[in-house]
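Please read the structure below before turning to the comments.
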There are 2 protein chains.
Amino acid sequence: MPKYKKVAELIRERIKDNTYSVDEKLPDQNSLAEEFSTSRVTIKRALDLLTTAGLVYTIQGSGTYVKRNALLQAQSSIQIGHNVGLTTAVRDEVELQSKTIKFNVRFPDEKEQQQLMIDKDTPVYHYQRLRILGGKPYSLENTVVPVHTIPGITEEVLKDSVYRYIRGELGIIFGDNRQIVRAAKPNELDKTYLACKEDDPILEVEKVMFLKTGTPFEYSKVHHRFDMVEMSFINQDS
Amino acid sequence: MPKYKKVAELIRERIKDNTYSVDEKLPDQNSLAEEFSTSRVTIKRALDLLTTAGLVYTIQGSGTYVKRNALLQAQSSIQIGHNVGLTTAVRDEVELQSKTIKFNVRFPDEKEQQQLMIDKDTPVYHYQRLRILGGKPYSLENTVVPVHTIPGITEEVLKDSVYRYIRGELGIIFGDNRQIVRAAKPNELDKTYLACKEDDPILEVEKVMFLKTGTPFEYSKVHHRFDMVEMSFINQDS
DNA sequence: CAGTGGTCTAGACCACGCA
DNA sequence: GCGTGGTCTAGACCACTGA
(Lines give C-alpha, C1' and ligand atoms only; values in the text may rest on other atoms or scores of the structure.)
Protein backbone atom coordinates (compact mmCIF):
# COMPACT_ATOMS: atom_id res chain seq x y z
CA MET A 1 0.00 0.00 0.00
CA PRO A 2 1.42 3.41 -0.95
CA LYS A 3 2.45 5.75 1.81
CA TYR A 4 -0.21 8.39 1.20
CA LYS A 5 -2.89 5.76 1.73
CA LYS A 6 -1.26 4.53 4.91
CA VAL A 7 -1.09 8.04 6.27
CA ALA A 8 -4.74 8.65 5.33
CA GLU A 9 -5.66 5.46 7.13
CA LEU A 10 -3.79 6.51 10.27
CA ILE A 11 -5.43 9.93 10.33
CA ARG A 12 -8.82 8.30 9.81
CA GLU A 13 -8.16 6.14 12.88
CA ARG A 14 -7.37 9.25 14.88
CA ILE A 15 -10.61 10.88 13.86
CA LYS A 16 -12.51 7.73 14.70
CA ASP A 17 -11.02 7.41 18.18
CA ASN A 18 -11.34 11.12 18.83
CA THR A 19 -7.65 11.97 18.87
CA TYR A 20 -8.74 14.62 16.42
CA SER A 21 -12.27 15.46 17.38
CA VAL A 22 -15.16 17.00 15.52
CA ASP A 23 -14.81 20.67 14.58
CA GLU A 24 -11.17 20.66 15.61
CA LYS A 25 -8.28 21.86 13.51
CA LEU A 26 -5.71 19.26 12.48
CA PRO A 27 -1.99 19.94 12.86
CA ASP A 28 -0.66 21.83 9.86
CA GLN A 29 0.76 19.89 6.93
CA ASN A 30 4.37 20.60 7.79
CA SER A 31 3.96 19.18 11.29
CA LEU A 32 2.20 16.12 9.93
CA ALA A 33 4.92 15.64 7.33
CA GLU A 34 7.53 15.71 10.06
CA GLU A 35 5.59 13.38 12.34
CA PHE A 36 5.05 10.77 9.64
CA SER A 37 8.57 11.23 8.27
CA THR A 38 7.33 12.10 4.82
CA SER A 39 7.03 15.07 2.51
CA ARG A 40 4.30 17.65 2.57
CA VAL A 41 3.07 16.59 -0.87
CA THR A 42 2.35 13.12 0.47
CA ILE A 43 0.46 14.56 3.43
CA LYS A 44 -1.54 16.67 1.00
CA ARG A 45 -2.49 13.58 -1.00
CA ALA A 46 -3.58 11.79 2.16
CA LEU A 47 -5.73 14.74 3.19
CA ASP A 48 -7.24 14.89 -0.29
CA LEU A 49 -8.34 11.28 0.13
CA LEU A 50 -9.96 12.09 3.44
CA THR A 51 -11.63 15.14 1.92
CA THR A 52 -13.11 13.02 -0.85
CA ALA A 53 -14.23 10.51 1.75
CA GLY A 54 -16.10 13.33 3.52
CA LEU A 55 -14.10 13.26 6.76
CA VAL A 56 -12.35 16.62 6.65
CA TYR A 57 -12.42 19.91 4.79
CA THR A 58 -9.75 22.50 4.21
CA ILE A 59 -9.81 26.26 4.12
CA GLN A 60 -6.85 27.70 2.30
CA GLY A 61 -4.88 29.98 4.56
CA SER A 62 -6.59 28.65 7.65
CA GLY A 63 -6.23 24.91 8.13
CA THR A 64 -7.75 21.47 7.87
CA TYR A 65 -10.79 20.64 10.01
CA VAL A 66 -12.75 17.55 10.98
CA LYS A 67 -16.31 17.63 9.64
CA ARG A 68 -19.24 17.63 12.01
CA ASN A 69 -20.60 14.46 10.45
CA ALA A 70 -17.23 12.78 10.03
CA LEU A 71 -17.94 9.93 12.41
CA LEU A 72 -20.73 8.64 10.20
CA GLN A 73 -18.23 8.12 7.42
CA ALA A 74 -15.24 7.12 9.56
CA GLN A 75 -16.33 3.60 10.36
CA SER A 76 -15.24 1.70 7.29
CA SER A 77 -11.86 2.20 5.75
CA ILE A 78 -11.52 4.48 2.81
CA GLN A 79 -13.65 3.47 -0.12
CA ILE A 80 -14.92 6.05 -2.53
CA GLY A 81 -17.11 5.41 -5.50
CA HIS A 82 -18.97 2.71 -3.63
CA ASN A 83 -21.37 5.27 -2.35
CA VAL A 84 -24.43 4.24 -4.26
CA GLY A 85 -26.36 1.07 -3.88
CA LEU A 86 -29.50 -0.82 -3.37
CA THR A 87 -30.53 -1.46 0.16
CA THR A 88 -32.92 -4.22 0.88
CA ALA A 89 -34.97 -3.63 3.96
CA VAL A 90 -34.00 -7.01 5.33
CA ARG A 91 -31.39 -8.72 7.50
CA ASP A 92 -28.33 -10.55 6.35
CA GLU A 93 -29.07 -14.12 7.32
CA VAL A 94 -31.90 -14.36 4.83
CA GLU A 95 -31.35 -16.52 1.81
CA LEU A 96 -31.04 -14.97 -1.64
CA GLN A 97 -32.31 -16.97 -4.59
CA SER A 98 -32.65 -16.50 -8.34
CA LYS A 99 -35.22 -18.00 -10.64
CA THR A 100 -34.67 -17.68 -14.38
CA ILE A 101 -37.90 -16.89 -16.19
CA LYS A 102 -36.51 -16.44 -19.66
CA PHE A 103 -33.15 -16.98 -21.33
CA ASN A 104 -32.43 -16.72 -25.04
CA VAL A 105 -30.39 -15.04 -27.76
CA ARG A 106 -31.72 -12.50 -30.24
CA PHE A 107 -30.91 -9.26 -32.06
CA PRO A 108 -31.15 -5.94 -30.19
CA ASP A 109 -33.89 -3.39 -30.67
CA GLU A 110 -33.10 0.25 -31.35
CA LYS A 111 -32.90 1.42 -27.76
CA GLU A 112 -30.62 -1.50 -26.88
CA GLN A 113 -28.36 -0.79 -29.87
CA GLN A 114 -27.96 2.78 -28.74
CA GLN A 115 -27.34 2.02 -25.06
CA LEU A 116 -24.90 -0.81 -25.76
CA MET A 117 -23.19 0.98 -28.68
CA ILE A 118 -23.71 -1.96 -31.04
CA ASP A 119 -25.43 -2.35 -34.41
CA LYS A 120 -28.59 -4.27 -35.24
CA ASP A 121 -26.73 -7.41 -36.33
CA THR A 122 -24.82 -7.94 -33.08
CA PRO A 123 -26.39 -10.84 -31.14
CA VAL A 124 -27.30 -10.32 -27.51
CA TYR A 125 -28.27 -12.52 -24.61
CA HIS A 126 -31.64 -11.63 -23.17
CA TYR A 127 -32.75 -12.96 -19.82
CA GLN A 128 -35.30 -12.28 -17.13
CA ARG A 129 -34.71 -13.31 -13.56
CA LEU A 130 -36.77 -13.17 -10.44
CA ARG A 131 -34.80 -12.39 -7.29
CA ILE A 132 -36.11 -13.91 -4.11
CA LEU A 133 -35.15 -12.98 -0.57
CA GLY A 134 -36.15 -15.23 2.29
CA GLY A 135 -38.80 -16.85 0.14
CA LYS A 136 -40.31 -13.52 -0.93
CA PRO A 137 -39.86 -12.22 -4.48
CA TYR A 138 -38.58 -8.66 -4.39
CA SER A 139 -37.32 -7.78 -7.85
CA LEU A 140 -37.62 -8.73 -11.47
CA GLU A 141 -34.63 -8.21 -13.75
CA ASN A 142 -34.72 -7.74 -17.48
CA THR A 143 -31.20 -7.81 -18.89
CA VAL A 144 -29.51 -7.58 -22.28
CA VAL A 145 -25.82 -8.44 -22.80
CA PRO A 146 -23.83 -8.48 -26.07
CA VAL A 147 -22.62 -12.01 -26.76
CA HIS A 148 -19.25 -10.94 -28.15
CA THR A 149 -18.40 -8.92 -25.04
CA ILE A 150 -19.41 -11.45 -22.40
CA PRO A 151 -19.38 -14.88 -24.04
CA GLY A 152 -20.41 -18.13 -22.42
CA ILE A 153 -23.43 -17.20 -20.33
CA THR A 154 -25.47 -20.29 -19.46
CA GLU A 155 -28.46 -21.11 -17.31
CA GLU A 156 -25.95 -22.37 -14.77
CA VAL A 157 -24.31 -18.94 -14.61
CA LEU A 158 -27.68 -17.26 -14.21
CA LYS A 159 -28.46 -19.37 -11.17
CA ASP A 160 -25.39 -17.96 -9.45
CA SER A 161 -24.16 -14.40 -10.03
CA VAL A 162 -23.46 -13.08 -13.49
CA TYR A 163 -21.08 -10.48 -12.10
CA ARG A 164 -19.09 -13.10 -10.27
CA TYR A 165 -18.81 -15.01 -13.56
CA ILE A 166 -17.62 -11.94 -15.45
CA ARG A 167 -15.10 -10.84 -12.89
CA GLY A 168 -14.05 -14.28 -11.68
CA GLU A 169 -14.12 -16.56 -14.73
CA LEU A 170 -13.49 -14.05 -17.48
CA GLY A 171 -11.26 -11.77 -15.42
CA ILE A 172 -12.89 -8.66 -16.83
CA ILE A 173 -12.64 -5.39 -14.91
CA PHE A 174 -15.74 -3.31 -14.31
CA GLY A 175 -15.90 0.44 -14.71
CA ASP A 176 -18.64 3.01 -14.25
CA ASN A 177 -22.36 2.57 -14.53
CA ARG A 178 -25.22 4.94 -15.29
CA GLN A 179 -28.61 4.60 -13.74
CA ILE A 180 -32.04 6.16 -13.98
CA VAL A 181 -34.58 5.65 -11.23
CA ARG A 182 -38.33 6.13 -11.60
CA ALA A 183 -41.60 5.23 -9.97
CA ALA A 184 -43.91 3.26 -12.23
CA LYS A 185 -47.10 1.30 -12.32
CA PRO A 186 -46.79 -2.49 -12.29
CA ASN A 187 -47.13 -4.35 -15.59
CA GLU A 188 -48.53 -7.84 -16.08
CA LEU A 189 -45.21 -9.56 -15.35
CA ASP A 190 -44.83 -7.63 -12.10
CA LYS A 191 -48.30 -8.63 -11.01
CA THR A 192 -47.56 -12.26 -11.80
CA TYR A 193 -44.09 -12.67 -10.37
CA LEU A 194 -43.77 -9.93 -7.74
CA ALA A 195 -47.32 -10.43 -6.51
CA CYS A 196 -48.08 -6.75 -7.02
CA LYS A 197 -51.57 -5.51 -6.56
CA GLU A 198 -53.03 -3.05 -9.04
CA ASP A 199 -52.12 -0.02 -6.89
CA ASP A 200 -48.71 -1.22 -5.66
CA PRO A 201 -46.05 1.06 -7.14
CA ILE A 202 -42.80 -0.21 -8.67
CA LEU A 203 -39.32 1.24 -8.24
CA GLU A 204 -37.84 0.97 -11.71
CA VAL A 205 -34.07 1.13 -12.21
CA GLU A 206 -32.69 1.41 -15.73
CA LYS A 207 -28.97 0.75 -15.83
CA VAL A 208 -26.05 0.58 -18.24
CA MET A 209 -22.84 -1.02 -16.98
CA PHE A 210 -19.46 -0.29 -18.54
CA LEU A 211 -16.08 -2.01 -18.52
CA LYS A 212 -13.00 -0.09 -17.46
CA THR A 213 -12.42 0.58 -21.15
CA GLY A 214 -15.78 2.30 -21.49
CA THR A 215 -17.40 -0.52 -23.45
CA PRO A 216 -21.00 -1.03 -22.32
CA PHE A 217 -21.61 -4.69 -21.51
CA GLU A 218 -25.02 -4.77 -19.85
CA TYR A 219 -28.29 -2.92 -20.25
CA SER A 220 -30.98 -3.72 -17.75
CA LYS A 221 -34.31 -2.64 -16.40
CA VAL A 222 -35.11 -3.91 -12.94
CA HIS A 223 -38.49 -3.65 -11.25
CA HIS A 224 -38.41 -3.65 -7.46
CA ARG A 225 -41.24 -4.14 -5.03
CA PHE A 226 -41.81 -0.72 -3.44
CA ASP A 227 -41.91 -2.13 0.09
CA MET A 228 -38.66 -4.08 -0.06
CA VAL A 229 -36.10 -1.91 -1.81
CA GLU A 230 -34.86 1.65 -1.63
CA MET A 231 -31.84 3.36 -3.15
CA SER A 232 -29.45 5.54 -1.23
CA PHE A 233 -26.57 7.65 -2.37
CA ILE A 234 -24.25 10.44 -1.43
CA ASN A 235 -23.54 13.52 -3.52
CA GLN A 236 -20.04 14.82 -3.14
CA ASP A 237 -19.51 18.54 -3.12
CA SER A 238 -17.84 20.09 -6.12
CA MET B 1 -6.79 28.39 -13.03
CA PRO B 2 -3.98 26.03 -12.01
CA LYS B 3 -1.86 24.49 -14.71
CA TYR B 4 -2.98 20.90 -14.19
CA LYS B 5 -6.57 21.97 -14.85
CA LYS B 6 -5.57 23.87 -17.97
CA VAL B 7 -3.72 20.84 -19.28
CA ALA B 8 -6.68 18.59 -18.49
CA GLU B 9 -8.93 20.99 -20.34
CA LEU B 10 -6.66 20.98 -23.39
CA ILE B 11 -6.49 17.19 -23.48
CA ARG B 12 -10.26 17.04 -23.12
CA GLU B 13 -10.58 19.28 -26.19
CA ARG B 14 -8.34 16.94 -28.12
CA ILE B 15 -10.47 13.97 -27.20
CA LYS B 16 -13.59 15.85 -28.15
CA ASP B 17 -12.29 16.88 -31.58
CA ASN B 18 -10.80 13.44 -32.20
CA THR B 19 -7.15 14.43 -32.10
CA TYR B 20 -6.97 11.55 -29.65
CA SER B 21 -9.68 9.19 -30.73
CA VAL B 22 -11.59 6.45 -28.99
CA ASP B 23 -9.59 3.36 -27.97
CA GLU B 24 -6.35 5.08 -28.88
CA LYS B 25 -3.31 5.36 -26.66
CA LEU B 26 -2.31 8.85 -25.57
CA PRO B 27 1.32 10.00 -25.78
CA ASP B 28 3.26 8.94 -22.72
CA GLN B 29 3.49 11.27 -19.76
CA ASN B 30 7.05 12.36 -20.46
CA SER B 31 6.15 13.45 -23.98
CA LEU B 32 3.11 15.32 -22.72
CA ALA B 33 5.19 16.99 -20.02
CA GLU B 34 7.62 18.18 -22.65
CA GLU B 35 4.91 19.35 -25.03
CA PHE B 36 3.09 21.37 -22.36
CA SER B 37 6.35 22.61 -20.85
CA THR B 38 5.55 21.23 -17.46
CA SER B 39 6.59 18.43 -15.14
CA ARG B 40 5.39 14.86 -15.28
CA VAL B 41 3.67 15.17 -11.91
CA THR B 42 1.46 17.92 -13.30
CA ILE B 43 0.60 15.78 -16.31
CA LYS B 44 -0.27 12.96 -13.97
CA ARG B 45 -2.64 15.22 -12.02
CA ALA B 46 -4.32 16.32 -15.23
CA LEU B 47 -4.79 12.71 -16.33
CA ASP B 48 -6.19 11.84 -12.91
CA LEU B 49 -8.83 14.51 -13.39
CA LEU B 50 -9.75 13.08 -16.77
CA THR B 51 -9.88 9.60 -15.27
CA THR B 52 -12.28 10.76 -12.60
CA ALA B 53 -14.33 12.48 -15.25
CA GLY B 54 -14.60 9.14 -17.08
CA LEU B 55 -12.73 10.16 -20.22
CA VAL B 56 -9.62 8.01 -20.01
CA TYR B 57 -8.21 5.05 -18.12
CA THR B 58 -4.65 4.02 -17.43
CA ILE B 59 -2.93 0.67 -17.30
CA GLN B 60 0.30 0.75 -15.38
CA GLY B 61 3.17 -0.31 -17.53
CA SER B 62 1.16 0.11 -20.68
CA GLY B 63 -0.27 3.57 -21.17
CA THR B 64 -3.25 5.90 -21.01
CA TYR B 65 -6.23 5.22 -23.27
CA VAL B 66 -9.38 7.04 -24.35
CA LYS B 67 -12.53 5.30 -23.16
CA ARG B 68 -15.03 3.96 -25.64
CA ASN B 69 -17.78 6.09 -24.17
CA ALA B 70 -15.59 9.16 -23.64
CA LEU B 71 -17.46 11.36 -26.07
CA LEU B 72 -20.62 11.17 -24.00
CA GLN B 73 -18.77 12.79 -21.14
CA ALA B 74 -16.50 15.07 -23.15
CA GLN B 75 -19.09 17.68 -24.05
CA SER B 76 -19.15 19.81 -20.93
CA SER B 77 -15.97 20.95 -19.31
CA ILE B 78 -14.71 19.08 -16.32
CA GLN B 79 -17.16 18.98 -13.46
CA ILE B 80 -17.23 16.09 -11.10
CA GLY B 81 -19.57 15.66 -8.19
CA HIS B 82 -22.40 17.18 -10.17
CA ASN B 83 -23.29 13.79 -11.48
CA VAL B 84 -26.54 13.27 -9.68
CA GLY B 85 -29.69 15.18 -10.17
CA LEU B 86 -33.33 15.43 -10.83
CA THR B 87 -34.36 15.56 -14.43
CA THR B 88 -37.74 16.85 -15.26
CA ALA B 89 -39.11 15.39 -18.42
CA VAL B 90 -39.81 18.85 -19.75
CA ARG B 91 -38.29 21.59 -21.85
CA ASP B 92 -36.44 24.65 -20.65
CA GLU B 93 -38.70 27.48 -21.64
CA VAL B 94 -41.42 26.36 -19.26
CA GLU B 95 -42.07 28.48 -16.23
CA LEU B 96 -41.20 27.21 -12.77
CA GLN B 97 -43.39 28.34 -9.89
CA SER B 98 -43.63 27.73 -6.15
CA LYS B 99 -46.70 27.84 -3.98
CA THR B 100 -46.24 27.78 -0.20
CA ILE B 101 -48.78 25.56 1.47
CA LYS B 102 -47.50 25.78 5.01
CA PHE B 103 -44.84 27.80 6.82
CA ASN B 104 -44.22 27.86 10.55
CA VAL B 105 -41.74 27.28 13.36
CA ARG B 106 -41.84 24.39 15.80
CA PHE B 107 -39.67 21.88 17.68
CA PRO B 108 -38.28 18.86 15.84
CA ASP B 109 -39.53 15.32 16.24
CA GLU B 110 -37.16 12.47 16.99
CA LYS B 111 -36.30 11.56 13.42
CA GLU B 112 -35.61 15.20 12.61
CA GLN B 113 -33.40 15.61 15.68
CA GLN B 114 -31.35 12.66 14.61
CA GLN B 115 -31.00 13.65 10.95
CA LEU B 116 -30.20 17.29 11.71
CA MET B 117 -27.98 16.46 14.72
CA ILE B 118 -29.90 18.79 17.03
CA ASP B 119 -31.74 18.31 20.31
CA LYS B 120 -35.45 18.53 21.00
CA ASP B 121 -35.30 22.16 22.12
CA THR B 122 -33.73 23.55 18.94
CA PRO B 123 -36.40 25.41 16.92
CA VAL B 124 -36.81 24.55 13.26
CA TYR B 125 -38.58 26.09 10.32
CA HIS B 126 -41.07 23.74 8.75
CA TYR B 127 -42.54 24.41 5.34
CA GLN B 128 -44.37 22.68 2.56
CA ARG B 129 -44.17 23.88 -0.99
CA LEU B 130 -45.81 22.85 -4.20
CA ARG B 131 -43.55 23.10 -7.24
CA ILE B 132 -45.29 23.88 -10.50
CA LEU B 133 -43.86 23.53 -13.98
CA GLY B 134 -45.68 25.09 -16.89
CA GLY B 135 -48.87 25.27 -14.87
CA LYS B 136 -48.69 21.61 -13.85
CA PRO B 137 -47.84 20.63 -10.27
CA TYR B 138 -45.04 18.08 -10.27
CA SER B 139 -43.67 17.85 -6.76
CA LEU B 140 -44.54 18.51 -3.16
CA GLU B 141 -41.75 19.41 -0.74
CA ASN B 142 -41.77 18.92 2.98
CA THR B 143 -38.75 20.61 4.52
CA VAL B 144 -37.28 21.16 7.98
CA VAL B 145 -34.43 23.63 8.63
CA PRO B 146 -32.83 24.56 11.99
CA VAL B 147 -33.43 28.25 12.69
CA HIS B 148 -30.02 28.86 14.23
CA THR B 149 -28.19 27.48 11.17
CA ILE B 150 -30.16 29.27 8.47
CA PRO B 151 -31.80 32.30 10.08
CA GLY B 152 -34.13 34.72 8.37
CA ILE B 153 -36.29 32.51 6.18
CA THR B 154 -39.49 34.31 5.20
CA GLU B 155 -42.44 33.67 2.93
CA GLU B 156 -40.70 35.96 0.48
CA VAL B 157 -37.66 33.71 0.43
CA LEU B 158 -39.82 30.65 -0.11
CA LYS B 159 -41.38 32.19 -3.20
CA ASP B 160 -37.95 32.40 -4.75
CA SER B 161 -35.23 29.80 -4.11
CA VAL B 162 -34.14 28.93 -0.59
CA TYR B 163 -30.77 27.74 -1.85
CA ARG B 164 -30.15 31.01 -3.63
CA TYR B 165 -30.93 32.80 -0.35
CA ILE B 166 -28.52 30.61 1.61
CA ARG B 167 -25.68 30.88 -0.84
CA GLY B 168 -26.30 34.41 -2.02
CA GLU B 169 -27.59 36.35 0.98
CA LEU B 170 -25.95 34.39 3.79
CA GLY B 171 -22.82 33.43 1.84
CA ILE B 172 -22.87 29.90 3.21
CA ILE B 173 -21.04 27.14 1.34
CA PHE B 174 -22.79 23.86 0.62
CA GLY B 175 -21.21 20.46 1.08
CA ASP B 176 -22.41 16.92 0.51
CA ASN B 177 -25.91 15.57 0.63
CA ARG B 178 -27.35 12.14 1.28
CA GLN B 179 -30.46 10.88 -0.40
CA ILE B 180 -32.76 7.90 -0.29
CA VAL B 181 -35.16 7.21 -3.13
CA ARG B 182 -38.25 5.03 -2.94
CA ALA B 183 -41.49 4.33 -4.71
CA ALA B 184 -44.55 4.98 -2.57
CA LYS B 185 -48.31 5.22 -2.63
CA PRO B 186 -49.78 8.71 -2.70
CA ASN B 187 -51.08 10.18 0.56
CA GLU B 188 -53.97 12.60 0.96
CA LEU B 189 -51.78 15.67 0.36
CA ASP B 190 -50.43 14.17 -2.84
CA LYS B 191 -53.90 13.46 -4.10
CA THR B 192 -54.98 17.01 -3.31
CA TYR B 193 -52.03 19.00 -4.58
CA LEU B 194 -50.37 16.75 -7.17
CA ALA B 195 -53.68 15.56 -8.57
CA CYS B 196 -52.67 11.95 -8.07
CA LYS B 197 -55.17 9.23 -8.65
CA GLU B 198 -55.41 6.34 -6.22
CA ASP B 199 -53.11 4.11 -8.29
CA ASP B 200 -50.60 6.77 -9.39
CA PRO B 201 -47.25 5.98 -7.77
CA ILE B 202 -45.03 8.59 -6.10
CA LEU B 203 -41.27 8.95 -6.38
CA GLU B 204 -40.23 9.83 -2.84
CA VAL B 205 -36.85 11.43 -2.19
CA GLU B 206 -35.64 11.79 1.39
CA LYS B 207 -32.66 14.09 1.64
CA VAL B 208 -30.26 15.59 4.17
CA MET B 209 -28.11 18.51 3.03
CA PHE B 210 -24.84 19.43 4.73
CA LEU B 211 -22.67 22.51 4.83
CA LYS B 212 -19.02 22.25 3.91
CA THR B 213 -18.32 21.89 7.63
CA GLY B 214 -20.50 18.80 7.85
CA THR B 215 -23.33 20.52 9.72
CA PRO B 216 -26.69 19.32 8.45
CA PHE B 217 -28.92 22.26 7.56
CA GLU B 218 -31.90 20.77 5.77
CA TYR B 219 -33.95 17.61 6.04
CA SER B 220 -36.60 17.09 3.44
CA LYS B 221 -38.97 14.60 1.95
CA VAL B 222 -40.14 15.40 -1.55
CA HIS B 223 -42.93 13.62 -3.38
CA HIS B 224 -42.69 13.70 -7.16
CA ARG B 225 -45.33 12.83 -9.71
CA PHE B 226 -44.17 9.57 -11.29
CA ASP B 227 -44.78 10.81 -14.84
CA MET B 228 -42.81 14.05 -14.56
CA VAL B 229 -39.62 13.30 -12.66
CA GLU B 230 -36.86 10.73 -12.78
CA MET B 231 -33.45 10.61 -11.12
CA SER B 232 -30.25 9.80 -12.92
CA PHE B 233 -26.76 9.28 -11.65
CA ILE B 234 -23.37 7.89 -12.48
CA ASN B 235 -21.39 5.50 -10.32
CA GLN B 236 -17.67 5.99 -10.56
CA ASP B 237 -15.45 2.96 -10.48
CA SER B 238 -13.33 2.43 -7.41
C1' DC C 1 14.68 -5.56 -20.79
C1' DA C 2 12.88 -1.33 -22.44
C1' DG C 3 8.91 1.57 -21.94
C1' DT C 4 5.34 3.25 -19.20
C1' DG C 5 2.63 4.68 -15.22
C1' DG C 6 2.64 5.16 -9.81
C1' DT C 7 4.88 7.13 -5.97
C1' DC C 8 7.90 10.01 -3.33
C1' DT C 9 11.07 13.83 -2.05
C1' DA C 10 13.03 18.58 -1.05
C1' DG C 11 12.49 22.85 -2.00
C1' DA C 12 10.16 26.74 -4.00
C1' DC C 13 6.59 30.18 -4.87
C1' DC C 14 1.85 31.69 -4.70
C1' DA C 15 -2.97 32.63 -2.72
C1' DC C 16 -5.60 33.14 1.02
C1' DG C 17 -7.29 33.88 6.10
C1' DC C 18 -6.69 36.28 9.92
C1' DA C 19 -5.00 39.26 13.35
C1' DG D 1 2.82 40.09 7.88
C1' DC D 2 2.72 35.46 9.38
C1' DG D 3 0.89 30.98 9.04
C1' DT D 4 -1.61 28.09 6.35
C1' DG D 5 -2.98 25.28 2.32
C1' DG D 6 -2.47 24.94 -3.15
C1' DT D 7 0.58 24.31 -6.88
C1' DC D 8 4.73 23.24 -9.35
C1' DT D 9 9.37 21.38 -10.49
C1' DA D 10 13.36 18.12 -11.34
C1' DG D 11 14.85 14.07 -10.34
C1' DA D 12 14.57 9.54 -8.42
C1' DC D 13 13.00 4.81 -7.64
C1' DC D 14 9.60 1.19 -8.05
C1' DA D 15 5.92 -1.86 -10.32
C1' DC D 16 3.97 -3.40 -14.12
C1' DT D 17 3.24 -4.57 -19.31
C1' DG D 18 4.59 -6.49 -23.27
C1' DA D 19 7.83 -7.71 -26.82
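Lettering of chains follows the sequences in order, A, B, ..., and the numbering in each one begins at 1.
A side-chain donor from one of Glu218(A) and Tyr163(A) sits under 3.5 Å from a side-chain acceptor of the other. With no hydrogens or angles considered, no side-chain donor-acceptor pair links Asp48(A) and Thr51(A) at under 3.5 Å. A donor-acceptor contact closer than 3.5 angstrom links the side chains of Arg131(B) and Ser98(B). Side chains of Tyr127(B) and Glu141(B): no donor on one and acceptor on the other come within 3.5 Å.
Checked against dG5(C), dG6(D), dG11(C), the side chain of Val41(A) finds its nearest nucleotide in dG11(C). Comparing dC8(C), dG6(D), dT17(D) by their closest approach to the side chain of Thr38(A) singles out dC8(C). Distance from the side chain of Thr58(B) is smallest for dG5(C) among the nucleotides dG5(D), dC8(D), dG5(C).
Between the P atom of dG5(C) and the CG atom of Asp48(B) lies a distance of 12 Å, rounded to the nearest Å. Atoms OH (Tyr4(B)) and P (dT7(D)) sit 4 Å apart, rounded to a whole Å. With rounding to whole Å, Lys44(B) atom NZ is found 16 Å from dC13(D) atom C1'. In this structure, the OH atom of Tyr57(B) is 14 Å from the C1' atom of dG5(C), given to the nearest Å. For the pair Lys3(B) NZ and dT7(D) C1', the interatomic distance rounds to 10 Å; values are reported in whole Å. Rounding to whole angstrom units, CD1 of residue Ile43(B) and C1' of dA10(D) are separated by 14 Å. A straight line from CG of Leu49(A) to C1' of dC8(C) spans 15 Å, rounded to a whole angstrom. Nucleotide dT9(D) holds its C1' atom 13 Å from the CZ atom of Arg45(B), rounded to whole Å.
The base of dG6(C) sits within donor-acceptor range of the side chain of Arg40(B), with an N or O pair under 3.5 Å.
Between Gln60(B) and dG3(C), a side-chain N or O to OP1/OP2 separation shorter than 4.0 Å is absent. Between Ser62(B) and the phosphate of dT17(D), there is no side-chain N or O to OP1/OP2 separation shorter than 4.0 Å.
At a threshold of 4.0 angstrom between heavy atoms, the contacts of Ser31(B) with the nucleic acid are absent.
In this structure, the side chain of Gln128(A) does not engage the main chain of Lys102(A) through any donor-acceptor pair within 3.5 Å.
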Once pairs are restricted to Watson-Crick or G-U wobble with both distances under 3.5 Å, how does DNA chain C read as a dot-bracket string, [ ] for crossings and | for other-strand pairs?
||||||||||||||||||.
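The 12-atom threshold is not exceeded at CD of Glu34(B), counting heavy atoms of other residues, nucleotides or ligands nearer than 6.0 Å.
For Glu206(A) and Arg182(A), the salt-bridge test passes: some basic side-chain N is under 4.0 Å from an acidic carboxylate O.
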